[in-house]
Protein chains: 2
Amino acid sequence: MLKEKLSRRDIILGAGKFAVVGAGIAAVSGGLSLFSKAEAKGPQTLPWPYEKLDTEEVARIAYDGWYKAFCSYGVASGILIPLQKKIGEPYTMLPVEGLRLGEGGIVGWGTICGSLLGATVALGFVAPYDVGKQILNEMLNWYGNEKLPIFTPEKPKAEVKVTSISNSPLCHVSVNKWCQKAGKAFGSPERKDRCARLTADVAVQTVKFLNDWKDGKFKSTQKFPPAMYATTSQHNCGECHTSKVPEVIR
Amino acid sequence: MLKEKLSRRDIILGAGKFAVVGAGIAAVSGGLSLFSKAEAKGPQTLPWPYEKLDTEEVARIAYDGWYKAFCSYGVASGILIPLQKKIGEPYTMLPVEGLRLGEGGIVGWGTICGSLLGATVALGFVAPYDVGKQILNEMLNWYGNEKLPIFTPEKPKAEVKVTSISNSPLCHVSVNKWCQKAGKAFGSPERKDRCARLTADVAVQTVKFLNDWKDGKFKSTQKFPPAMYATTSQHNCGECHTSKVPEVIR
């Protein structure tokens, strides 16, 4: 069942054949609400109204948010608190504090970076489903390819000189690549401030996409992984599967 | 920077030394709300009221929910829709449909199993923070160690005979281990029904923990990974890092 290496080329060559999988998903989950109008009234009507946000304010709230309740809350608060101020209901009905448990890749398990979990939940309320899905696809690509952190707080709580590229949306990969490069421990003030700054970065990038969408300028040409690989997947299997990539059942 | 293998024993031996990391986290995020009373009124007051749920109803809604909008929505709906019916506000103010984007480990990227993302968000509203955190720690352990799926729907949409143990909370690991064992493709009706049944399982197990907590019977003795490994992490590094586990900076 295993083969020595599933090359990027093999995967891409397989894409056409399995586009039907992606298409199937798109068809099942496409544009319009799957839910009855009876269910959809008041705050239940999605998406909630969006107004373009100031990325400097977003960054500041997200950065401070990390020091209150870590990454997932940080991003959720960076997006949703300015909307609570600007728009009021239904945003004020959502207790953003409830979105803390994504911290450390879900209570310290190092899975999805909590900042991206915060973005996932916020986008679910703020963007139409198909737009949110495309923005997240772009966000996960962006997160893995960018030198992070970018944001410099006005009053930094620690000095962060090193940036790193995670090549992965996973918390423990992202954190530990930075720690290795910076020579700092997970418990160090520098690592904490790195995550707080990255939290600001993820909130800002999400809001940039949302602002573009509001201006009619958001475009996504990226395919979703299942349409390319006939399975859910990152794009770089070899990142974790260093010697053997299990063959995908076709 | 690399050593050949970071053994389970090395990791456990390191636990005492780095308990301070876990303790630090607990201290920062401990029991009481970090947020001012001014912010905490109406639906903003967490946790929202909880009443014990019927696990059969939860399973049925979660299973059907998968076929509406996949795993993350499935679990969120299995927990939150019965609470909307039983309790009304503030649950009825939360558009559960917005919690769809965790599908396929976040829009098909195969990171955290979307069912666990749905549980993460639901627990954030339903349980006090410390309890939600402990329940999630137990859930991620349970998910990795259990033969899944367990649930058999009354009217199954496909035959699912094979169960598998994921040894991981990640979507693509969990899905593909099942696909390998069952000899079924990601796009097959059997794989889809496996995920729908697993979605019911995750919703039910979360509710079992919540019901136990409501009865004063919930206990968690598991440590959080950062308190054991000085980083965010799964417990089984060797699951993905087959040849070399990068050394954690201490």
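Residue numbers start from 1 in every chain, and the chains themselves are labelled A, B, ... in the order their sequence lines are given, proteins ahead of strands.
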- Query: Non-hydrogen atoms of chain A under 4.5 Å away: do they reach the side chain of B/Asn137, the backbone, both or neither?
  - Reply: both

- How close do B/Ala185 and A/Arg250 get, heavy atom to heavy atom, and via which atoms? CB-C, 3.8 Å

- Comparing B/Gly98, B/Pro90, B/Ser72 against chain A, the one with the most heavy-atom pairs below 4.5 Å turns out to be B/Gly98

- Message: Given heavy-atom pairs under 4.5 angstrom as the criterion, report whether the side chain, backbone, both or neither of A/Gln84 touches chain B.
- Response: side chain

- Message: If I measure from the heavy atoms of chain A, does B/Gln134 come under 4.5 Å with its side chain, its backbone, both, or neither?
- Response: neither

- Message: Counting only heavy atoms from other residues, nucleotides and ligands, does the tally under 6.0 Å from CD of B/Gln222 exceed 12?
- Response: yes

- Could you list the residues that satisfy side-chain contact (heavy atoms from CB on, under 4.5 Å) with A/Pro128, not counting sequence neighbours? A/Pro47, A/Val131, A/Trp213

- Most contact-rich option vs chain A, by heavy-atom pairs under 4.5 angstrom, among B/Val173, B/Asn141, B/Val175, is B/Asn141

- Report yes if the side chains of B/Phe186 and A/Val248 come closer than 4.5 Å at any heavy-atom pair, otherwise no. no

- What is the distance from atom SG of A/Cys179 to atom CD of B/Glu247, rounded to the nearest 0.5 Å? 13.0 Å

- Rounded distance (nearest 0.5 Å) linking atom CG of A/Leu101 with atom NZ of B/Lys133: 8.5 Å

- Message: Just so I understand: if I count every heavy-atom pair under 4.5 Å between each of B/Leu94, B/Val126, B/Leu116 and chain A, which residue has the most?
- Response: B/Leu94

- If you take all heavy atoms of A/Pro95 and B/Pro43, which pair is closest and at what distance? CG-O, 3.3 Å

- Mind checking the CE-OG1 spacing from A/Met93 to B/Thr92? Nearest 0.5 Å is all I need. 9.0 Å

- Message: With a 4.5 angstrom heavy-atom cut-off, is it the side chain or the backbone of B/Leu170 that approaches chain A, or both, or neither?
- Response: side chain

- Task: Quick one: which of B/Leu136, B/Leu123, B/Val96 has the most heavy-atom pairs under 4.5 Å with chain A, could you say?
- Result: B/Leu136

- Partner residues of A/Glu138 under the salt bridge (Lys or Arg N to Asp or Glu O under 4.0 Å) criterion, sequence neighbours left out: none

- Query: Looking at B/Gly110, B/Ala127, B/Pro225, which makes the most heavy-atom pairs under 4.5 Å with chain A?
  - Reply: B/Pro225

- How long is the gap from OG1 on A/Thr120 to CD on B/Glu103, to the nearest 0.5 Å? 10.5 Å

- Contact leader toward chain A among B/Thr111, B/Leu140, B/Ile112, where contacts are heavy-atom pairs under 4.5 Å: B/Leu140

- Reported CD1-to-OG1 distance for the pair A/Ile106 and B/Thr232, which is rounded to 0.5 angstrom: 11.5 Å

- Task: Identify the two heavy atoms, one from A/Pro169 and one from B/Trp109, that lie closest to each other, and give their separation to 0.1 Å.
- Result: CG-CE3, 4.0 Å

- Item | A/Gly108 versus B/Pro226, closest heavy-atom pair with distance | O-CD, 3.5 Å

